[in-house]
Q: 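So that we are looking at the same thing, I have put the structure below in structure tokens.
The basis for the numbers below is simple: all heavy atoms, side chains too, and nothing from hydrogens, waters or symmetry mates. Quantities reported herein were computed from a predicted structural model and do not represent experimental measurements.
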Amino acid sequence: MKVAVWDDGGLIGVETALWVRDHGHEVELLSAPHGLDSYTREEITEVLRGCSVVIDLLCRPSPAIGALTEEQGFVIDEEALVGSWVRSTRKLLQAETAAGVTYHVALSMTGVDRAASTGVFRALKARESVIQRSATPHLVLRSTQMFESVEDIATAGTEDWIVWVPPVDVRPVALKDVAMLLAHTAVSRPRTGVREIAGPERIRLDAFVRAGLAANAEYRRVFTDVHSPFFGTCLGPSDLLPDANAFIAETTYREWFAGRPSPGIDS
């Protein structure tokens, strides 16, 4: 079986493709750093011919979805973001149908069902709605914040060299564990629905970001503010927590950090 992995150039695409290959399947890693707006549906269809499954990692919350300003900090153009992600997703699904793809696996974020009215969650919800209306069997995997996302979260919360983070609870997870579950889902019997993955430990988001930056000898200070938005969304205390049926990965933050290459050392 051949699996296509569409990503935006981040680490998750490479890791997922490696796990698909480790399952004994052919994999093609396709990168679209600026989304699929620059591709025609026919071009995408041609690329996907011969593929049975698509893993869609294109809509990742990161500083690239907004702009840092001196007056307001991180600002998202919600209309533009929703429009871009919906167009890309719809175009990809249409191309999959034309190419004969039989299963669509998409990565999303935990909290979409609770904080879907503003910011990145509004765009993620709109994208999920397009997928869920598709006739193609599909599985949406909602992930909690990944250990590797600390820098992106901090950048999006930075204003005047201070990182403002809301004191909401999270269960961060290792990117490797998310990639492993994505690959396993893609090569298993197709099922339609939503699944979640989370890490084994519960911690406040501000403490998670503070620990991550300190470990990297970061110069920015992290301040806690209940009103600070998370990628354009004001959150409740438990909005980012998974439901009771989530798959709980095993890798702890301490284990993940201990396994990282030392700064300046080639891995």
Q: Identify which one of T118, I76, L240 satisfies the side-chain contact (heavy atoms from CB on, under 4.5 Å) criterion when paired with T233.
A: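 Option passing the side-chain contact (heavy atoms from CB on, under 4.5 Å) with T233: T118.
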Q: To the nearest 0.5 angstrom, please state how far the CD1 atom of I203 sits from the CD atom of Q145.
A: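 Between atom CD1 of I203 and atom CD of Q145 there are 12.0 Å.
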Q: What residues form a side chain to side chain donor-acceptor pair (under 3.5 Å) with S108, not counting sequence neighbours?
A: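 S108 satisfies side chain to side chain donor-acceptor pair (under 3.5 Å) with E128 once adjacent residues are dropped.
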Q: Going by the rule side chain to side chain donor-acceptor pair (under 3.5 Å), which residues pair with W164 if we only count those two or more places apart in sequence or in a different chain?
A: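 W164 satisfies side chain to side chain donor-acceptor pair (under 3.5 Å) with no residue once adjacent residues are dropped.
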Q: List in chain and number order the residues that pass side chain to side chain donor-acceptor pair (under 3.5 Å) with R195, two or more places apart in sequence or in another chain; answer none if no residue qualifies.
A: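 Listed in chain order: nothing, the list is empty.
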Q: Can you label the angle between the F208 ring and the Y253 ring as parallel, tilted or perpendicular, going by 30° and 60°?
A: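 Perpendicular: the ring planes of F208 and Y253 meet at over 60°.
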Q: Taking it one step at a time, do E255 and T251 satisfy side-chain contact (heavy atoms from CB on, under 4.5 Å)?
A: CA-CA 6 Å; E255 290 168 341; T251 307; 4.2 Å; yes
Q: Quick check for you: to the nearest 0.5 Å, what is the distance between L182 atom CG and T16 atom OG1?
A: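 Rounded to the nearest 0.5 Å, the CG-OG1 separation comes out at 5.0 Å.
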Q: Report the residues that fulfil salt bridge (Lys or Arg N to Asp or Glu O under 4.0 Å) with D239, sequence neighbours left out, ordered by chain and then residue number.
A: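 Residues passing salt bridge (Lys or Arg N to Asp or Glu O under 4.0 Å) with D239: none at all.
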Q: Using a side-chain heavy atom cutoff under 4.5 Å and only I, L, V, M, F, W and Y, what cluster partners does V82 have?
A: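 Members besides V82, by chain and number: V86, L93, V130, I131, V140, V194.
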Q: Kindly give the cluster partners of L48, where membership spreads through any ILVMFWY side chain lying under 4.5 Å from a current member.
A: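 Under the 4.5 Å side-chain rule, L48 groups with W6, L30, L36, Y39, I44, V47, V54, L58, L92, V101.
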Q: About how many Å separate OG1 of T110 and CG of L241, when rounded to the nearest 0.5 Å?
A: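 Here the rounded value is 9.0 Å.
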Q: Can you confirm whether I162 is buried at CD1, in the sense that more than 12 heavy atoms of other residues, nucleotides or ligands lie under 6.0 Å from that atom?
A: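 Result for CD1/I162: enclosed.
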Q: Name all pairs fulfilling the salt bridge (Lys or Arg N to Asp or Glu O under 4.0 Å) condition that reach into residues 27-38, sequence neighbours left out, sorted by first residue then second.
A: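 Non-adjacent pairs meeting salt bridge (Lys or Arg N to Asp or Glu O under 4.0 Å): K2-E28, D37-R87.
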Q: Report the residues that fulfil salt bridge (Lys or Arg N to Asp or Glu O under 4.0 Å) with E43, sequence neighbours left out, ordered by chain and then residue number.
A: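 Residues passing salt bridge (Lys or Arg N to Asp or Glu O under 4.0 Å) with E43: none at all.
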Q: Quick test of your reading: applying salt bridge (Lys or Arg N to Asp or Glu O under 4.0 Å), list the pairs with at least one residue in residues 88-105, sequence neighbours left out, ordered by first then second residue.
A: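 Of all non-adjacent pairs touching residues 88-105, none passes salt bridge (Lys or Arg N to Asp or Glu O under 4.0 Å).
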Q: Compare every heavy atom of A98 with every heavy atom of R49, then report the nearest pair and how far apart it is.
A: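 Minimum heavy-atom contact is NH1-O, 3.6 Å.
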Q: Calculate, to the nearest 0.5 Å, the distance between atoms OG1 and CD belonging to T136 and Q94 respectively.
A: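 Here the rounded value is 10.5 Å.
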Q: For residues 198-212, which residue pairs pass the salt bridge (Lys or Arg N to Asp or Glu O under 4.0 Å) check, not counting sequence neighbours?
A: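 Listed by first then second residue: D169-R202, R204-D206.
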Q: Residues two or more places apart in sequence or in another chain: which of them pass side chain to side chain donor-acceptor pair (under 3.5 Å) with S228?
A: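 Side chain to side chain donor-acceptor pair (under 3.5 Å) check on S228 returns D225.
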Q: Grab the two heavy atoms, one from G35 and one from S38, that are nearest each other, plus how far apart they are.
A: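 Answer, listing the atom of G35 first, then S38: O-OG, 4.3 Å.
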Q: Looking at CD of E26 and OG of S52, how far apart are the two atoms once the value is rounded to the nearest 0.5 Å?
A: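 That separation rounds to 9.5 Å.
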Q: Enter the distance from S149:OG to R60:CZ here, rounded to the nearest 0.5 Å.
A: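 Those atoms lie 9.0 Å apart.
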Q: Please, which pairs that meet salt bridge (Lys or Arg N to Asp or Glu O under 4.0 Å) have at least one residue in residues 176-194, sequence neighbours excluded?
A: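 Qualifying pairs: none.
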